[in-house]
Amino acid sequence: MTSVAMEYGIVLAALLFSLGLIGIMLRRNLIFVLLSLEIMLNAAGLAFIVAGARWASTDGQIMFIFILAVAAAEVAVGLALILQHYRRYNTLDADLASKMRG
Amino acid sequence: MSTTDLTALLPFIILAATTLIVVLVISFYRNHFITALLTVIGHAAAIAVLPSLSTITPRQVTPLMIIDDYSLFYIGLLTAASLIVSVLMYSYLQRREAQREEFYALLLIATIGSSALVTSSHFITLFIGLEVLTVSLYGMIAYLFTYDRPLEAGIKYLILAAASSAFLLFGMALIFAETGTMLFAELAEKLAADDDLRTVFILTGTGMMVVGIGFKLAVVPFHMWTPDIYEAAPAPVTAYLATVSKGGMFAILLRYFIELNVYAYETICFVFTVIAILSMFTGNILALLQNNVKRILAYSSIAHLGYILVAFLAGGALAAEAVTFYLVAYFITSLGAFGIVGLLIHNEREPEDVQDYRGLYVHRPWLSAVFTAMMLSLAGIPLTAGFIGKFYVLTAGVGAALWILVIVLVVNSAIGLYYYLRIVITMYSEPEETAAASGSLSQSLSVAGGVVLAFLMIILIWLGVYPEPLIAIIQDIAGRFGS
Amino acid sequence: MYDLLWLIPFFPFLSAILLVVLGSRMPRAVNGAIGAGSIGLSAIITIIIGINFLTSPPEGHSYTQVLWSWIDVGNFTPAISFHLDALSLVMIFVITFVGFLIHLYSTEYMIKDEGYARFFAYMNLFVGAMLVLVLGDNLVLLLLGWEGVGLCSYLLIGFWYKKPENGYAARKAFVVTRVGDIAMLIGIFLLFMHTGTIHIQQILDMAPRIWVEGATIPVAASLLLLGGALGKSAQVPLQVWLPDAMAGPTPTSALIHAATMVTAGVYLIARTHVIFELAPAVMTIVAVIGLVTALIAGFTALTQTDIKRVLAYSTISQIGYMFLALGVGAFAAGMFHFMTHAFFKALLFLGAGAIIHALHEEQNMFRMGGIRKDMPVTFWTFLIGCASLAAIPLVTSGFYSKELILWKSFSSQLGSVWFYIFGALGAFITAVYTFRMVFLVFYGEKKTEISHLPGTRILLTLVVLAFFSTVAGFIELPHTMGDFTLFSNFMASVLPSVPVLEYSLGTEFLLQLIATLLVAVGIYIAYVLYVKNPEAVNNLTASPAGQGVYTFWSIGWGFDWLYDKVFVQPVIFISRINKQDFIDSIYHGIAFATEVLHRLFTKTQTGKVRWYAMVLVAGAIIVITLAVLL
Amino acid sequence: MTLLWLLLLPIVGGLLAWVSGKTGTQLPRWISVLALALVFGLTLQVWFQYYSEIDIFTEQAWLIEFERDWIPQLGISFYLALDGLSLLLIALTAFLGLISVVVSWKEIQYRVGFFHFNLLWILAGIIGVFIALDLFLFFFFWEMMLIPMYFLIIIWGHEDKRYAAIKFFLFTQASGLMMLVAILALYFVHGNATGVYTFNYNDLLGTDISASVAMWIMLGFFIAFGVKLPAVPVHTWLPDAHTQAPTAGSVVLAGLLLKTGAYGLIRFVVPLFPEAATQFAFIAMILGVVSILYGAKLAFAQTDFKRLVAYTSVSHMGFVLLGIFAWNDLALQGAVVVIIAHGLSTGALFILAGGIQERIHTRDMDRMGGMWSTVPRMGTVAMFFAMASLGLPGLGNFVGEFLVLIGTFMENILLTVIAAVGIVAATIYSIWIIQRIFHGEPRETWEMPDLNIREMVVMVAMMLALLWIGLYPKPILNTAKPALDILQRGVEEVRMVEQTPVPDPRNEMQIFMSINQLHKSDH
């Protein structure tokens with residue numbers, strides 16, 4: 001384990017993170033948006049793992065477990081809401097959810 | 001974990017137990033009143049034990065949480081706000097068609113999360129507390145998912161909040177990667193010991209954490225969600241968002257800044273200065289001609305967070321005091337304002353349009369007096385807590401010679417007056433002759449809601465006239481903490 | 001005895017208040033009795049005090065009565081206190097006595113007017129204010145009277161308020177005199193600043209000690225005081241208000257012209273003569289202004305058709321003579337002319353009033369004529385007044401006072417032969433326009449039928465005034481006629497006579513003769529032009545040059561036109577523009593800009609979650625960039 | 001305790017009036033009359049009681065003091081104190097307050113209780129401003145009076161009331177916050193220099209401030225007071241507010257609210273920052289002169305009676321500004337007299353305007369004219385107050401304006417001369433009022449009753465007061481004298497001391513850069 005490895009890891013995590021962000025911004029399908037969120041959270045989780053590895057600390061992995069749990073909770077709530085959205089509009093287009101503005 | 005540790009965690013235990021009880025009761029016997037009553041009792045009990053805990057403070061409970069006077073104060077504040085929200089929500093749900101009881105479980109969990117947030121001394125607690133709060137909020141915002149707007153708001157909030165949490169997490173990871181610790185205390189030591197540690201990782205990490213925190217606080221440029229969510233969520237939930245969610249976040253931000261002495265990082269301070277200025281201007285200008293009362297309050301909350309940031313950036317004991325006092329005042333006012341919006345709900349519709357309040361003074365003089373008081377407090381007019389709060393913030397700002405921020409604050413206070421007074425004007429205008437007189441808003445008020453509002457009004461004026469006791473407490477807690 | 005002094009101004013004020021408060025509830029007879037009676041009481045007290053003053057003069061020939069301390073800040077300590085000396089005694093005598101006669105006359109003259117009580121209230125206030133003016137022992141109290149007089153003139157000129165032109169005349173009078181007042185105000189400030197006191201006597205005592213002749217401060221101060229005097233006394237260039245002031249009831253004109261307001265300027269200069277003497281250049285200015293005014297007004301009077309306007313211009317002209325006297329240092333002569341002028345001018349106005357009343361309120365002289373047989377008393381008294389105004393030798397008081405002025409203007413150290421020449425020219429013109437008036441009104445064909453003959457009170461007043469217009473001159477006779485100087489001696493305690501260059505009696509006699517001849521010629525010309533050969537006038541004015549001159553004179557030498565263009569129009573213009581206050585538009589601009597910003601910002605709240613996310617990310621990038629790069 | 005009563009009477013009276021509004025319209029009115037009569041009586045009693053002392057004592061600044069801790073942590077105390085100056089202004093407040101209640105008797109028929117609540121609370125705020133000697137408390141009262149005033153305009157005002165009310169509020173509030181910043185800056189400068197953090201006026205007097213800092217702080221105060229006064233160019237709220245307010249509102253605005261600005265300048269700006277004020281005096285005096293002329297100029301142009309009178313207020317208050325910054329005993333005394341006399345004369349003109357509007361439902365002077373024959377009493381009264389307004393000697397305004405001008409003359413001749421032109425302007429607009437409304441041809445026929453007994457009582461009271469001030473102002477001058485003397489002496493002492501030492505530039509740096517650090521170390 002060297003610090004170089006850590007930086008590679010962080011960069012990878014950052015790339016994943018950016019991917020997720022781009023997904024949120026560009027995808028209109030809510031499921032894909034949710035997926036992108038998962039990617040971002042997991043990117044952060046990856047960063048923790050890499051960081052934990054650098055310091056040979058378990059904190060990173062503990063954090064990752066928490067992140068997983070939280071991500072699961074988010075997805076659960078998210079899917080529930082998306083379901084309602086689909087029921088109402090028969091589509092998963094995020095842009096339809098824009099009744100409020102101004 | 002010793003008994004003392006458990007004692008220190010008593011508020012959490014009580015709240016968690018209440019949650020369990022509520023969930024169990026619901027599953028056996030659905031009764032709105034009983035559920036709400038249990039919730040209220042749970043909150044009250046949690047608040048009641050707080051004073052006795054001050055004997056064992058400060059106490060580090062595991063590396064994750066610190067129970068000191070500061071966190072006790074904020075737990076009390078958040079729980080009290082949550083208590084008021086639960087009462088308001090009781091009145092509110094009475095008038096709406098929904099599964100009512102589960103809400104209280106969500107509320108309790110969110111409060112636990114927020115309280116955990118203020119006690120955190122470790123990134124994990126920070127993250128967990130935040131997420132517990134946030135995930136519960138998804139449910140609370142979209143609680144009336146059978147309606148269009150709450151659902152839309154829930155989805156928006158979920159997407160954006162999750163994204164911002166990811167930012168926060170990534171930022172934490174970067175800092176952890178550079179320093180190898182997630183404990184505030186250790187971080188502080190390492191950062192203080194080594195100036196070279198201000199690397200790209202640390203700064204980027206801090207920047208990303210700012211995004212996460214800024215989102216929760218709804219400061220510019222992370223404010224976009226605010227109006228929509230405020231508008232769509234049930235009014236008491238909006239009150240909750242404005243108070244418990246933001247208050248908890250601000251408390252931990254202050255703790256984090258002070259413990260890590262982030263004030264020494266000029267760039268971060270600069271970033272916050274820019275954020276404060278933008279928030280004040282953007283919030284007020286957006287609110288200026290807005291016609292939806294809840295959106296007005298949303299935009300004004302953006303501006304108010306800007307005001308608090310002025311005091312926050314001043315640093316030092318005075319800043320901690322000012323921030324705390326302002327938050328207390330802001331809690332009272334937000335609860336009162338949204339409480340009224342919630343109490344006046346009629347025909348499945350909240351009175352959102354400014355015109356809905358036309359002639360309120362004629363139909364409900366006392367309610368309009370309370371609403372006026374809340375608006376004036378937001379505007380910072382004497383005899384209200386908001387005046388003392390604004391005074392305190394300005395004191396901190398001038399004391400630290402933050403002239404630009406102070407001037408911006410003054411200018412924005414003037415802009416803000418315009419829309420607060422617009423609401424007030426409407427209430428005192430002649431009511432329309434038509435059906436409105438018979439009263440879209442003339443239903444009888446719920447007793448509980450009325451009592452809560454009266455209580456808030458009394459506190460508001462009490463603090464505006466005689467803030468000395470509260471200031472004494474705050475100085476004792478926050479002041480000592482800050483210096 | 002002297003402590004009754006305060007009663008003199010008190011009665012008119014009391015009566016004015018009574019009339020304002022209760023006037024409308026009392027019968028007219030009572031109103032008139034109160035209005036005229038109060039002035040009568042004041043006149044009686046004045047006469048008692050006057051006799052006392054003559055028989056046993058107070059110490060230093062002056063008496064000061066302090067009623068109460070008015071303002072007391074530092075050394076600025078004006079009190080409500082009255083100062084009686086020879087000068088103020090003459091003034092209050094004329095004011096109360098002539099004032100009383102005018103009031104008496106008014107009780108009959110105004111009897112049909114709906115504002116009877118109001119009229120007397122204003123008149124009493126007027127007299128009261130004038131009394132305060134001349135009695136005030138400090139400049140602030142003097143100013144109080146001064147402004148009070150201005151106010152009352154405004155009220156009285158605009159008495160018939162329903163006619164807009166009366167209101168215009170009233171405002172003109174008030175504003176023009178106030179312009180002069182500002183100068184006077186500054187003058188008072190200047191005097192106070194340099195002497196440290198506001199009391200007239202102290203200032204006068206101190207002035208020769210702290211300033212040398214011709215020093216800047218007395219020159220400036222006297223010029224500023226002169227400004228006030230010019231306004232009040234209707235001298236060039238502030239004379240424009242007086243002819244228009246004829247809009248008021250005729251007794252008002254009598255009061256303004258004879259006893260009160262316009263002589264205030266003369267009084268002011270006489271009162272502060274010490275300061276003027278320290279500024280010889282200003283003295284000359286005073287004299288020149290007086291002369292110029294006398295001539296301009298005289299020429300203008302020649303062309304007027306309205307009987308009251310002729311009298312008005314004659315007043316301006318006669319006050320010009322008083323200024324001439326003051327300017328050459330003949331203060332006593334000025335005051336003497338003031339007194340005689342008060343009698344005959346009051347007489348003329350009241351007589352004119354009687355005539356106007358008799359002729360259906362007709363004021364145009366060309367529509368009068370031939371009424372001397374029908375109104376004999378009026379005719380004879382009016383003739384006496386005119387004779388006095390035109391200074392017919394020996395039998396008229398006007399002759400003695402005007403001769404004195406002309407002689408002094410020649411013989412005084414400050415005098416000059418040019419003063420005499422132009423003064424005599426003025427006397428000539430005076431004779432012409434005076435008798436033009438007499439001939440037009442009383443001679444020739446009857447053009448308007450007499451509807452109403454004056455009653456006893458009016459006639460009585462006229463007779464009394466005619467008597468005084470004749471005898472008042474005998475208290476001061478020139479060297480050539482016995483050198484009887486009762487009046488100058490009396491005034492000597494206040495107004496020292498200026499040194500006079502030595503001339504022989506023959507010179508004086510010669511000059512008097514010339515002036516007398518000029519008067520005679522003037523009367524003859526008037527006779528020729530207006531009785532014997534009326535065509536001549538028409539021929540004269542029909543020629544292009546004549547027409548131009550006639551028009552120029554008749555509009556009062558174009559002063560009104562000039563002021564209208566230079567002052568009135570700009571003021572109206574300024575007041576019209578910027579009614580909405582352009583400064584306010586700055587604030588409106590700010591408000592508008594904020595509103596535009598609001599609309600712009602609102603556009604960012606699209607409601608689309610992807611857009612929100614983009615803003616969030618953009619914000620994140622900016623924040624991180626700032627955090628890392630700065 | 002007397003001072004506390006002065007505050008409590010209107011506050012409690014206001015609450016009672018509000019509550020009693022439910023019972024009908026008469027009770028709130030009588031409660032208000034009672035409360036204000038008590039305040040007035042109390043003021044007179046204090047005046048009589050201390051009048052002899054006022055004459056003798058010049059060393060003792062305050063006649064009565066009242067101090068309690070309020071927020072001791074921040075050095076804020078509930079500190080009330082009264083000297084001759086405050087006494088006069090409170091007497092004026094109570095007097096005009098009473099008059100406002102009486103003139104509203106018939107005009108206000110809508111929510112009478114709430115109206116009187118607002119009215120009394122405005123008065124309480126104003127009284128508070130005049131006796132609060134803790135700067136925080138002062139600011140507290142300063143802001144406290146705004147909201148009730150705002151309500152007064154917005155609920156009982158005329159056609160354009162919303163605009164007027166919000167404009168009034170924004171101007172005063174924004175400027176008020178500037179003052180708060182200035183107060184705080186002063187607080188820290190004083191605290192850092194002495195270690196004592198306090199808002200107490202007596203302690204803050206004579207604080208050692210470097211020149212440039214003092215200038216900025218002083219400007220903060222000046223802006224707030226200038227807006228209230230109002231001085232050109234921040235006067236534009238005033239015509240709108242005056243015009244749209246109900247009669248009582250206009251009376252209180254013109255008679256009292258503006259005076260708080262003048263009071264602030266006398267009490268705070270010059271004494272707290274003698275040097276800065278001296279440097280600034282010339283500009284302030286120019287503003288005063290500009291206000292005099294510009295206000296008068298705008299007054300000419302108006303056709304709305306109330307608006308015209310409102311602009312004359314700008315003009316009159318210009319004299320106050322001029323007098324205060326001339327800062328000698330003549331000019332200061334003059335300013336005090338103008339403050340009082342203007343309150344009476346302009347207040348009365350607003351009452352007349354309100355009376356006319358009540359009768360014929362318009363304020364447009366183009367539609368009036370020739371009304372003297374219909375309402376001679378009103379005409380006479382209007383004439384009186386127009387004359388007072390144009391500065392006729394013998395009436396109160398003259399004494400004030402004359403003293404101001406003569407005092408200013410000692411300091412600056414040119415400005416005095418220009419200001420004196422304002423008197424001519426005053427003449428024009430004053431007689432213009434009379435001409436347009438009461439004289440001339442009637443443009444429309446109006447059937448209207450003349451002033452009734454209630455109105456005549458009010459008018460006569462105000463006329464007598466003006467005559468009293470005009471002919472025997474000595475009691476007023478005497479009462480104000482010791483207070484003004486002390487203020488002047490304080491300023492002179494500081495000016496004397498400040499002449500010698502050279503200010504240390506480092507001091508200034510410290511104050512601005514490191515107040516933060518200093519403050520931290522204090523804790």
Side-chain angles (χ1 to χ4, degrees), chain B residues 152-153 155-160 163-164 167 170-171 198-212 214-215 219-228 231 265-275 278 281-290 295 298-299 414-415 418-419, chain C residues 71-74 76 161-162 164 182 570-630:
Chain B
E152 181 185 327
I155 292 172
K156 280 181 184 170
Y157 191 69
L158 181 129
I159 294 169
L160 296 170
S164 73
F167 269 102
F170 206 96
R198 294 184 190 182
T199 58
V200 176
F201 273 26
I202 297 282
L203 292 172
T204 313
T206 315
M208 292 183 90
M209 284 182 75
V210 167
V211 176
F215 176 84
V219 287
V220 178
F222 317 112
H223 66 289
M224 304 296 284
W225 59 277
T226 330
D228 295 357
E231 182 188 341
Y265 289 71
E266 275 154 33
T267 55
I268 302 296
C269 285
F270 178 76
V271 166
F272 270 100
T273 306
V274 173
I275 287 177
L278 286 177
F281 272 118
T282 312
N284 279 317
I285 287 175
L286 275 168
L288 204 60
L289 299 172
Q290 179 56 248
R295 288 183 89 89
Y299 290 131
I415 303 176
Y418 180 81
Y419 56 82
Chain C
I71 303 171
D72 188 356
V73 183
F76 183 78
Y161 53 83
K162 285 188 181 157
I182 299 307
V571 167
I572 290 175
F573 173 73
I574 289 171
S575 67
R576 291 246 171 87
I577 55 163
N578 191 28
K579 181 182 170 188
Q580 298 303 331
D581 193 356
F582 78 96
I583 293 177
D584 206 24
S585 52
I586 298 171
Y587 300 111
H588 279 288
I590 294 172
F592 181 72
T594 325
E595 209 174 297
V596 169
L597 270 181
H598 167 77
R599 306 223 177 279
L600 280 177
F601 278 36
T602 306
K603 292 231 159 57
T604 64
Q605 296 286 349
T606 59
K608 290 202 167 65
V609 69
R610 295 190 303 141
W611 163 248
Y612 289 4
M614 281 181 216
V615 175
L616 182 93
V617 172
I621 291 168
I622 292 168
V623 165
I624 293 164
T625 319
L626 282 178
V628 174
L629 293 186
L630 276 180

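What you are looking at is a predicted structure, and each value in this text was computed from that prediction instead of being measured. By convention in this document, chain letters (A, B, ...) are assigned in the order of the sequence lines, proteins followed by strands, and residues within each chain are numbered from 1.
For residues 606-619 of chain C, a heavy-atom distance under 4.5 Å to chain B picks out C:G607, C:V609, C:W611, C:Y612, C:A613, C:V615, C:L616, C:G619, given by residue number.
Chain C forms the most heavy-atom pairs under 4.5 Å with one residue out of B:V200, B:V211, B:L288, and that residue is B:L288. Each of B:T199, B:L203, B:V210, B:I159 has some count of heavy-atom pairs under 4.5 Å with chain C, and the biggest count is that of B:L203. Put simply, of C:T625, C:V628, C:I622, C:L629, the one with the most heavy-atom pairs under 4.5 Å next to chain B is C:V628.
Nearest heavy-atom pair, C:V623 versus B:G207, reported as atom, atom and distance to 0.1 Å: CG1-O, 3.8 Å. Looking at every heavy atom in both residues, B:F222 comes nearest to C:A620 through CE2-N, 3.7 Å. Contact detail for C:Q605 and B:M224: the closest heavy-atom pair is OE1-O, 3.2 Å.
Only the side chain of B:Y299 comes within less than 4.5 Å of a heavy atom of chain C; its backbone N, CA, C and O stay farther away. For a residue to count as touching a neighbouring chain, one of its non-hydrogen atoms must lie under 4.5 Å from one of that chain's; by this rule B:T206 does not touch chain C. Neither the backbone nor the side chain of B:Y265 comes within less than 4.5 Å of any heavy atom of chain C. Residue contact with chain C, scored on non-hydrogen atoms closer than 4.5 Å, involves the backbone and the side chain of B:L289 alike. Heavy-atom distances place both the backbone and the side chain of C:T604 under 4.5 Å from chain B. The contact between B:T282 and chain C is made by backbone and side chain atoms together, counting heavy-atom distances below 4.5 Å. Neither the backbone nor the side chain of B:E266 comes within less than 4.5 Å of any heavy atom in chain C.
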Identify each donor-acceptor pair in which a side-chain atom of residues 595-603 of chain C lies under 3.5 Å from a protein atom, sequence neighbours left out, and give them as a table.
{"from": "C:H598", "atom 1": "ND1", "to": "B:I285", "atom 2": "O", "distance (Å)": "2.6"}
{"from": "C:H598", "atom 1": "ND1", "to": "B:L286", "atom 2": "O", "distance (Å)": "3.2"}
{"from": "C:T602", "atom 1": "OG1", "to": "C:H598", "atom 2": "O", "distance (Å)": "2.5"}

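Atom CG of C:L626 is separated from atom CZ of B:F272 by 12.0 Å, given to the nearest 0.5 angstrom.
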